[in-house]
Asker: 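Mind looking over this structure? Questions follow.
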Amino acid sequence: MKALIFAAGLGERMRPLTDHTPKPLIEAGGKPLIVWHLEKLAALGVRDVVINTSWLADRFPEALGDGERWGMRIHYLYEGDTPLETGGGMLNARPLLGEAPFLLVNGDIWTDFDFARLPREPQGLAHLVMVEPPAFAPRGDFALDAAGQLHREGEQRLTYAGLGLYRPTLLDPWQEHITGELRVTTGGKPRFPLLPLLHAGMAAGRVTGERLQGRWTDVGTPQRLADLEATLSA
């Protein structure tokens, strides 16, 4: 299995910490957030990892090298000065990921969830790890039913944890579902969110989910980073 780490965000809410350091390279518990993920991926047996980059892109190879220290190969994929968003970023990475299912993790989250708990591939187009809605986003993203299917709406709404398994074929109908939200960067690459494709997959009954077992946080602000540091040092 290969993996994709989303690391192209601008980190605007984390300034001034991100003025000189991309958010996934900010340290928590004595090591960069992204290193927590690389260690888990290596333990899972992942040998090829694609990291998409934009803001301060050169800092990633400086900090992480080629992946040899984790027994893997890291492929850096520069998206340009403007990140391609989640859908465009995944589409841009598809040639490096191939056509087999891959693991996706957001570079700016922290979790002690064991990646080995995930199935080797999704039953349908995607399998997403979900958490209870955090206080800063109480509405949640999707509803998870008793059979493990995810729905766009429903009573038991949970928040996407930024971690999941995807089939590249989820992207096949992207031009059909991305209309008003499609933008093109100066480099000519399509820039669009992944959410409409997930909604389409849910409508077809082809997106499953599970509740995260363990601790999780979206390190989106300096305060959340401070809270995480306090937790890890306790």
Side-chain angles (χ1 to χ4, degrees), residues 1-14 17-18 20-26 32-42 44 46-68 70 72-111 115 125-126 128-129 160-172 174 178 181-198 218-220:
M1 180 184 294
K2 296 182 179 180
L4 170 62
I5 300 179
F6 278 155
L10 301 179
E12 293 174 333
R13 290 178 300 163
M14 287 290 284
L17 297 177
T18 51
H20 305 289
T21 304
K23 187 161 57 168
L25 289 180
I26 290 176
L33 292 169
I34 199 170
V35 169
W36 289 90
H37 300 329
L38 293 172
E39 290 176 348
K40 289 176 181 292
L41 292 170
L44 191 62
V46 174
R47 294 294 172 257
D48 285 278
V49 177
V50 179
I51 300 178
N52 70 341
T53 64
S54 176
W55 175 247
L56 300 175
D58 59 331
R59 301 299 172 85
F60 288 96
E62 289 175 1
L64 307 175
D66 60 6
E68 182 180 4
W70 298 286
M72 61 175 56
R73 293 179 296 273
I74 295 178
H75 310 269
Y76 299 101
L77 192 57
Y78 180 60
E79 294 187 351
D81 293 337
T82 302
L84 300 177
E85 297 190 41
T86 50
M90 188 181 290
L91 182 67
N92 190 52
R94 186 171 181 176
L96 290 176
L97 293 169
E99 294 305 314
F102 62 91
L103 192 152
L104 169 70
V105 58
N106 290 355
D108 58 357
I109 66 165
W110 180 91
T111 181
F115 289 2
L125 292 171
L128 310 185
V129 179
Y160 174 47
L163 172 64
L165 293 166
Y166 291 80
R167 292 188 189 276
T169 48
L170 174 71
L171 295 164
D172 285 350
W174 74 268
I178 306 298
E181 298 173 270
L182 175 64
R183 288 153 286 178
V184 177
T185 65
T186 54
K189 296 178 179 179
R191 178 176 178 243
F192 60 91
L194 189 63
L195 188 59
L197 297 177
L198 287 173
D218 171 2
V219 190

Asker: Measure across S54 and Y78 and return the closest heavy-atom pair with its distance rounded to 0.1 Å.
Answerer: O-CE1, 3.5 Å

Asker: Name every donor-acceptor pair, under 3.5 Å, that has one atom in a side chain of residues 1-10 and the other anywhere in the protein, sequence neighbours excluded.
Answerer:
from: K2; atom 1: NZ; to: L96; atom 2: O; distance (Å): 3.1

Asker: Heavy-atom distance under 4.5 Å between the side chains of L171 and L194, does that happen here?
Answerer: yes

Asker: Check this for me, if you would: do R167 and D172 make a salt bridge, where the nitrogen-to-carboxylate-oxygen distance has to be below 4.0 angstrom?
Answerer: no

Asker: Is there side-chain contact between L64 and I74, with at least one heavy-atom pair below 4.5 Å?
Answerer: yes

Asker: Return the minimal non-hydrogen interatomic distance between V50 and A93, and the atom names on each side.
Answerer: CG1-CB, 4.2 Å

Asker: So, for N106 and I109, which heavy atoms are closest and what is the spacing to 0.1 Å?
Answerer: O-CG1, 3.3 Å

Asker: Could you tell me how the ring of Y160 sits relative to the ring of Y166: parallel (under 30°), tilted (30 to 60°) or perpendicular (over 60°)?
Answerer: perpendicular

Asker: On a heavy-atom basis, which atom in D108 and which in K23 lie closest, and how many Å separate them?
Answerer: OD2-NZ, 3.0 Å

Asker: If you apply the rule side-chain contact (heavy atoms from CB on, under 4.5 Å), what do you find for L103 with L44, and how did you get there?
Answerer: CA-CA 11 Å; L103 192 152; L44 191 62; 3.9 Å; yes

Asker: Kindly compute the distance separating CZ (F192) from CE (M90), expressed to the nearest 0.5 Å.
Answerer: 9.0 Å

Asker: Counting neighbours of CG on D81 that are heavy atoms of other residues, nucleotides or ligands and sit closer than 6.0 Å, is the number greater than 12?
Answerer: no

Asker: Considering residues at least two apart in sequence or located in another chain, which fulfil the salt bridge (charged side-chain N to carboxylate O under 4.0 Å, His left out) criterion with R47?
Answerer: none

Asker: Work out which heavy atom in W174 is nearest to a heavy atom in P190; give both atom names and the distance.
Answerer: CH2-CB, 3.7 Å

Asker: Taking atom CD of E68 as the centre, does the number of heavy atoms from other residues, nucleotides or ligands within less than 6.0 Å exceed 12?
Answerer: no

Asker: Can you find a pair of side-chain heavy atoms, one from I51 and one from I34, that are under 4.5 Å apart?
Answerer: yes

Asker: Find out whether L125 and L198 are in side-chain contact, i.e. whether some heavy atom of one side chain is under 4.5 Å from a heavy atom of the other.
Answerer: no

Asker: Restricting to side-chain contact (heavy atoms from CB on, under 4.5 Å), what partner residues turn up for W36, sequence neighbours left out?
Answerer: K31, W110, L232

Asker: Taking all non-hydrogen atoms of both residues into account, name the closest pair between P95 and N92 and its distance.
Answerer: CD-O, 3.4 Å

